[in-house]
Student: 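Supplied in structure tokens, the structure appears directly below.
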Amino acid sequence: KNSASPSKKFCSLHLHSAIVISERCHATGRNGSQCKHKTLRGIYCYQHLAKLENLRVKKSLIPKAGLGLFPTKPVAKGTNITQYTGERVVSHDPDFGDDYCLQIKKHPPTYISARATNTPGLGRWVNANKGGTNNSKLSYNNNTKIAHVKATRNIPAGREVYAAYGKSYWQAKRRGE
């Protein structure tokens with residue numbers, strides 16, 4: 001089994017409008033004890049993230065974009081790369097949302113807010129390659145109630161994962177929202 005009970009939060013701080021929580025890696029070592037490394041991004045440390053999920057979170061190739069998501073092994077077209085997880089929020093406020101919200105339902109307006117960085121899915125780290133080629137899409141399955149980042153083309157190991165954010169996202173950015 002590759003996971004253990006999560007430990008208590010070590011600290012909490014705000015960084016670039018995201019909630020950053022440091023906690024111990026959820027993976028177990030060969031001896032069966034919980035990994036002693038800490039993580040700020042997802043539930044696994046850097047080493048276990050690559051080993052168990054075949055992913056890395058590191059500096060994006062897009063200038064000023066912050067961090068991005070990179071596969072450590074090739075990803076075939078049609079593969080679910082990771083989940084987009086977070087708190088489910090229902091809001092009728094037309095101005096609701098931020099850079100980490102994914103709208104999953106129009107009536108009532110329902111979102112997944114991935115603002116917290118310690119959620120298991122790593123979809124929050126996928127950037128939009130505006131003006132460039134996207135290699136994945138954000139999708140929501142109404143039956144399973146799970147959002148995924150799905151590869152829309154083959155992605156080589158080490159290539160950043162990009163998904164379109166949609167016109168409304170860029171229109172809000174231009175308005176300064």
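Here, residue 1 is the first one in the sequence, and each next residue gets the next number.
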Student: Provide the closest heavy-atom pair for Pro71 versus Ile155 in the form atom of the first, atom of the second, distance.
Tutor: CG-CG2, 3.9 Å
Student: Could you go through residues 75-83 and list every donor-acceptor pair under 3.5 Å that involves a side-chain atom there, pairing it with any protein atom two or more places apart or in another chain?
Tutor:
| from | atom 1 | to | atom 2 | distance (Å) |
| --- | --- | --- | --- | --- |
| Thr79 | OG1 | Ala76 | O | 2.8 |
| Thr82 | OG1 | Leu122 | N | 3.0 |

Student: Can I get a per-line list of side-chain donor-acceptor pairs under 3.5 Å for residues 51-69, giving both atom names and the distance, sequence neighbours left out?
Tutor:
| from | atom 1 | to | atom 2 | distance (Å) |
| --- | --- | --- | --- | --- |
| Arg56 | NE | Tyr46 | OH | 3.4 |
| Arg56 | NH1 | Tyr46 | O | 2.5 |
| Ser60 | OG | Ile62 | N | 3.0 |
| Ser60 | OG | Asn127 | ND2 | 3.3 |
| Ser60 | OG | Glu160 | OE1 | 3.1 |
| Ser60 | OG | Glu160 | OE2 | 2.8 |

Student: Which heavy atom of Arg41 sits nearest to which heavy atom of Trp125, and what is that distance?
Tutor: CG-CZ2, 3.7 Å
Student: Closest heavy-atom contact between Thr133 and Tyr162?
Tutor: O-CD1, 3.9 Å
Student: Which value, rounded to the nearest 0.5 Å, describes the distance between Gln103 atom CD and Ile112 atom CD1?
Tutor: 11.0 Å
Student: Are Cys101 and Ser113 close enough that some pair of their side-chain heavy atoms sits under 4.5 Å apart?
Tutor: yes
Student: Would you say that Ile146 contacts His148 through its side chain, given a criterion of any heavy-atom pair below 4.5 Å between the two side chains?
Tutor: yes
Student: Does Thr110 reach the main-chain N or O of Pro108 with its side chain, forming a donor-acceptor pair under 3.5 Å?
Tutor: yes
Student: For the pair Lys38 and Glu23, evaluate side chain to side chain contact (heavy atoms under 4.5 Å, CB included) and give the outcome as yes or no after the intermediate values.
Tutor: CA-CA 5 Å; Lys38 293 181 184 177; Glu23 61 180 279; over 6 Å; no
Student: Grab the two heavy atoms, one from Ser136 and one from Thr152, that are nearest each other, plus how far apart they are.
Tutor: N-OG1, 3.3 Å
Student: Using atom types as modelled and distance alone, determine if a side-chain donor or acceptor of Asn134 lies under 3.5 Å from a backbone N or O of Asn129.
Tutor: yes
Student: Is any side-chain heavy atom of Arg24 closer than 4.5 Å to a side-chain heavy atom of Lys36?
Tutor: yes
Student: For Arg88, enumerate each residue passing the side-chain hydrogen bond (donor to acceptor under 3.5 Å, both in side chains) test, keeping only those at least two apart in sequence or located in another chain.
Tutor: Tyr140
Student: For Cys45 and Cys25, which heavy atoms make the closest approach, and how far apart are they?
Tutor: N-SG, 3.3 Å
Student: If I take atom NZ from residue Lys145 and atom CD1 from residue Ile104, how far apart are they, to the nearest 0.5 angstrom?
Tutor: 8.0 Å
Student: If every non-hydrogen atom of Val149 is compared with every non-hydrogen atom of Gly123, which pair is closest and at what distance?
Tutor: CG2-CA, 3.7 Å
